[in-house]
Amino acid sequence: MASLKFELQHNCSTTKARAGKITTDHGEILTPIFMPVGTVGSVKAVTQQQLENDVKAQIILGNTYHLYLRPGLETLEAAGGLHRFMGWNGPILTDSGGFQVFSLSGTRKISEEGAVFQSHIDGSKHLFSPEIVMDIQRIIGGDIMMAFDECPPGGSEYNYAKTSMELTHRWLDRCVNRFTKIEDRYGHSQNLFPIVQGGVHHDLRKISCECISSKDLPGNAIGGLSVGEPTEKMYEICELCCDHLPTDKPRYLMGVGTPWNILECISLGVDMFDCVMPTRNGRNAMLFTSNGVINIDNKKWEKDFSPIDDGIDCEISNHYSKAYLRHLVKSKEILGLQIASIHNLAFYQHIVTQSRKEIFGGNFSLWKSQMSARWQQRL
RNA sequence: UCCUCCUUAGCUCAGUUGGUUAGAGCAUCUGACUGUUAAUCAGAGGGUCAUCCGUUCAAGUCGGAUAGGGGGAG
């Protein structure tokens, strides 16, 4: 089956930003794009209809580790894959569990073979090898599958970062080997993206970019950033990676970030983003808006009946007031979590949609610097 | 009119046989959150212990008076 296509549509004249189009068997994705995170087959507090109609999401994420533990492969396979199981007809990208090597570092052990995780649900132990991770992702059925990597902490010194990167590269060979031996599932194309590692060390990152580029896979990801290193370091490494990855394939910066992080990284040449921040921080009362950051918990919004955000194209954000949302959040009403999550995701979608327009329009650079300052204000 | 109980943070309440700097929950405010083990976590501010007089080395705590409130009897 034909792999996904990437068409580079426009290069920004003043920055390295670009606009493009990814075509998958579940539809097109206009880049730059933000992908809402739906770890367990659910973008927390948001229905698939809301993702499509209110957020206008073009692709969402699932997670190998979490979906493997629950609902489990038998259910996913019987359902005909994650798309059908969750009723989402757009593209899906599945993360490999590599991030859980980092985030669940207390309950896993790494070896050459793979990583053994102890389930956070029942304590049972499970081996995630590159081969097993490919098999699982085939069964989940995502349009884009991620290679199994080790994501080391941001502060990792050179020797650890090097050893870890080399392991990730050996795992990548095994991923590619297994991936190419198994057919696509459920009648649509599945595509493998490799992941750059190397910590904050320039020479390692260069080596890693060359290594993963040589696999000639349909897209490339930058991993191991926003895991504790300073923001400036993240930008620096992100730029270096973009400069050393192919221009004719989408570049995916994993796990980033704040609205201003995304603007900055778009300007460095990133095409795809994902982050839990809009949903998680939304559930924790932090709203990202076109005028700045709001803590909707604050009493100052008690009688502010203006829309949550009338500067973006989202009925939910335009319709409900700050005062009403604050009331819901203070009352711990489930609807508060929903509205906050939908709004933040719609705002993130606004960021990338508008970036795309500005790239085509030639004003991206100026617009970016204005918006970056504005969006960071605390209201 | 009498009897009885109560009064401690913005709110609802803990405070031992008197003994370091009077606590909690909620509320208020501030942080954090970046390929989700998180509708979570961390922290701050806020009290003339109703008022006054006494007992005592020492009173939120014991005694008395006053004020306000609850309940009961006439």
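Chain A is the first sequence line, chain B the second, and so forth, proteins listed ahead of strands; every chain is numbered from 1. All figures in this text were calculated on a predicted structure; none of them were measured in a lab.
- B/C52 and B/U16 have their P atoms separated by 23 Å, with the value rounded to a whole Å.
- Rounded to whole Å, the C1' atom of B/A67 lies 30 Å from the corresponding atom of B/G25.
- A/L325 places its CG atom 17 Å from the P atom of B/A39, with the value rounded to the nearest Å.
- As judged by a 4.0 angstrom heavy-atom cut-off over every strand, A/G282 is placed among residues making no nucleic acid contact.
- Between B/A39, B/U37, B/G35, one nucleotide has an atom nearer to the side chain of A/V37 than all others, and that is B/G35.
- Counting to the nearest Å, the C1' atom of B/U37 and the CZ atom of A/R283 are 12 Å from each other.
- Within 4.0 Å (heavy atoms only), A/M286 reaches at least one base atom of the nucleic acid.
- Of the P atoms belonging to B/G60 and B/C2, the separation is 31 Å, rounded to the nearest Å.
- For A/I144 and B/G35, the CD1 to P distance is 17 Å, given to the nearest whole Å.
- At the phosphate of B/U37, OP1 or OP2 sits under 4.0 Å from a side-chain N or O atom of A/S103.
- Residue A/R280 places no side-chain N or O under 4.0 Å from the OP1 or OP2 atom of B/A39.
- Looking at A/N63, its side chain has no donor and acceptor atom pair within 3.5 Å of the base of B/G35.
- Cation-pi contact between A/R138 and A/F179: present, with separation from the ring centre below 6.0 Å and deviation from the ring axis of at most 45°.
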Under the salt bridge (charged side-chain N to carboxylate O under 4.0 Å, His left out) criterion, do A/E166 and A/K162 qualify, and how do the steps go? CA-CA 6 Å; A/E166 288 166 351; A/K162 183 168 187 283; 3.0 Å; yes
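- Under a 3.5 Å cut-off, the side chain of A/S96 and the backbone N or O of A/A147 do form a donor-acceptor pair.
- Checking the phosphate oxygens (OP1, OP2) of B/U28, a side-chain nitrogen or oxygen of A/K330 falls inside 4.0 Å.
- Pair check for B/G43 finds B/C29; Watson-Crick or G-U wobble, both atom distances under 3.5 Å.
- Between B/A38 and A/N281, no contact under 4.0 Å exists linking OP1 or OP2 to a side-chain N or O.
- Among A/P194, A/S208, A/S164, the one residue that satisfies the side-chain contact (heavy atoms from CB on, under 4.5 Å) test with A/H169 is A/S208.
- Separating the CG atom of A/N295 from the P atom of B/A32 is a distance of 11 Å, rounded to the nearest angstrom.
- Electrostatic pairing of A/D297 and A/K330 counts as a salt bridge here, judged by a charged N lying under 4.0 Å from a carboxylate O.
- B/A32 and B/G19 are spaced 41 Å apart, taking the C1' atom of each and rounding to whole Å.
- Residue contacts for A/N261: at a heavy-atom cut-off of 4.0 Å it reaches a base atom on one of the strands shown.
- Atom name P, nucleotides B/A9 and B/G47: the rounded distance is 10 Å, in whole Å.
- For A/R378, the listed nucleotide lying nearest its side chain is B/A32; candidates were B/A32, B/A38, B/G35.
- The nucleotide B/A14 finds no pairing partner, because no Watson-Crick or G-U wobble arrangement with both distances shorter than 3.5 Å includes it.
- A/L379 CG to A/Q377 CD: the interatomic distance, rounded to the nearest 0.5 Å, is 6.0 Å.
- Applying the Watson-Crick and G-U wobble criteria (two distances, each under 3.5 Å), B/U51 pairs with B/A65.
- Within the structure, a side-chain polar atom (N or O) of A/T39 is placed less than 4.0 Å from OP1 or OP2 of B/U36.
- Under the Watson-Crick and G-U wobble criteria, each requiring two contacts below 3.5 Å, nucleotide B/U1 is paired to B/A73.
- Distance noted for atom C1' between B/A27 and B/A73: 41 Å (whole Å).
- If you measure from atom CZ of A/F102 to atom P of B/C33, you get 12 Å, rounded to the nearest angstrom.
- Backbone-only engagement by A/L61 is indicated by non-hydrogen atom pairs under 4.0 Å involving sugar-phosphate atoms exclusively.
- Which of B/U37, B/C29, B/A39 sits closest to the side chain of A/N298 comes down to B/C29.
- Residue-environment remark: CD (A/E315) stays at or below the threshold of 12 foreign heavy atoms within 6.0 Å.
- A/R251 places its CZ atom 19 Å from the C1' atom of B/G35, with the value rounded to the nearest Å.
- Counting non-hydrogen atoms under 4.0 angstrom, A/E333 reaches nothing in the nucleic acid.
- The aromatic rings of A/F117 and A/Y65 lie tilted to each other, with the angle between the two planes from 30° to 60°.
- The residue among A/A285 and A/D95 whose nearest nucleotide of RNA chain B is located toward the 5' end is A/D95.
- Counting to the nearest Å, the P atom of B/A27 and the NZ atom of A/K300 are 19 Å from each other.
- Within 3.5 Å, a donor on the side chain of A/T279 pairs with an acceptor on the base of B/U36, or the reverse.
- Between A/Q100 and A/N284, it is A/Q100 whose nearest contact on RNA chain B lies nearer the 5' terminus.
- Of the nucleotides present, none pairs with B/U34 by Watson-Crick or G-U wobble criteria with both distances under 3.5 Å.
- Spacing of C1' atoms, B/U36 relative to B/G23, comes out at 36 Å, to the nearest Å.
- Taking atom C1' on both nucleotides, B/C33 is separated from B/U40 by 9 Å, rounded to a whole Å.
- Atom NE2 in A/H120 sits roughly 11 Å away from atom P in B/U36 (whole-Å rounding).
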